[in-house]
Amino acid sequence: MIVAPLGSGSAGNSYYFESDGTSILVDAGLGPRETRKRLELVGHNIERVQALVITHEHYDHIRGAERLARKYGMPIYLTRGTLNASSIDRAETNVVVFENNTTFQIGELNIHARRTLHDAADPSCLVVESRDGTRVGLASDLGHADDGVVDHLSDCDGLFFEANHDLDMLRMGTYPWSLKRRIMSRFGHLSNDDAMFAVQRMMGADLKTLCLIHLSEKNNHESIVRDLATRLFQRNGVQLELGIAKQFEPTGVFEIKRRGATRRAVMPSGSQMALF
Ligand SMILES: [Zn+2]
Ligand SMILES: [Zn+2]
């Protein structure tokens with residue numbers, strides 16, 4: 001599976017996923033022109049994107065959704081709560097409602113959605129699973145990584161997970177107290193320390209790639225997150241590919257392959273099922 005973060009953070013989120021001929025975008029925090037441009041920079045074509053999945057209605061995740069859907073004719077997948085809290089015009093777009101804590105399909109991809117704790121109507125984190133069982137988790141905008149989310153994102157081959165802020169930088173920074181309190185609450189964003197603690201719990205034997213996402217521009221720094229993740233890997237005796245997602249340019253292309261043994265029996269292509 002190919003995953004390309006096109007932009008990540010409070011100025012706009014967008015992630016490209018592709019496997020077995022199915023391409024989707026998760027979140028639409030960039031406008032159509034910028035999304036197309038950044039996709040081209042990583043060698044992919046927006047015309048091939050079959051669907052857009054929105055995790056929640058905050059501006060940095062949904063701002064470009066309706067324009068992308070109209071311009072490129074892609075359906076928008078989102079929860080009922082996200083739809084109702086958004087200004088998406090149902091008459092003008094093809095909207096597909098999914099429920100959290102269920103699995104739905106887009107082309108060859110299975111998408112497992114799980115509700116998260118965040119100050120939005122019905123926010124989701126996702127595991128995107130390809131036909132061969134490769135699993136990639138994506139979760140940002142978490143006030144708290146509760147057991148349900150940790151469980152949901154365990155056993156992934158790739159993990160794109162929020163490390164939003166350094167707690168001291170946030171405390172000492174210039175944000176108004178009300179905003180600091182919101183970010184630190186159980187419905188805000190994950191601190192670096194909380195992120196590392198959660199990643200430690202989610203790290204399974206199959207994990208090959210960890211990319212930390214949605215870093216705060218004011219209250220975090222790539223070098224802090226890189227150091228923390230490197231120490232986490234050392235403590236656990238693992239060598240993983242590490243990415244730190246960028247806000248204003250694509251982070252690159254991650255190619256994530258299933259490392260573990262076959263998780264489930266997969267029908268060889270071309271074989272026929274005998275019907276009795
Ligand atoms: Zn966000
Ligand atoms: Zn949010």
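None of the values given here were measured: they were computed from a predicted structure. Just so you know, ligand 1 is whichever comes first in the structure, and atom 1 is the first atom listed for that ligand.
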How would you list, by chain and number, every residue that makes a ring pair (Phe, Tyr, Trp, His ring centres under 6.0 Å) with H44, sequence neighbours excluded?
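Scan of H44 (ring pair (Phe, Tyr, Trp, His ring centres under 6.0 Å), adjacent residues dropped) gives Y16.
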Which heavy atom in N220 sits nearest to a heavy atom in N164, and how many Å separate them?
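Of all heavy-atom pairs spanning N220 and N164, the closest is ND2-O, 3.2 Å.
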For the Zn ion (ligand 2), which protein N/O/S atoms fall under 2.8 Å? Skip waters.
H56 NE2, H58 ND1, H118 NE2, D141 OD2
With respect to H189, which candidate in H214, H144, H165 satisfies the ring pair (Phe, Tyr, Trp, His ring centres under 6.0 Å) definition?
H214
Is there a donor-acceptor pair under 3.5 Å between the side chain of T116 and the backbone N or O of H118?
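No.
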Between the main-chain N or O of D157 and the side-chain N or O of K208, is there a donor-acceptor pair closer than 3.5 Å?
no
K246 side, atom NZ; T251 side, atom OG1 - distance, nearest 0.5 Å:
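If I round to the nearest 0.5 Å, the distance is 6.5 Å.
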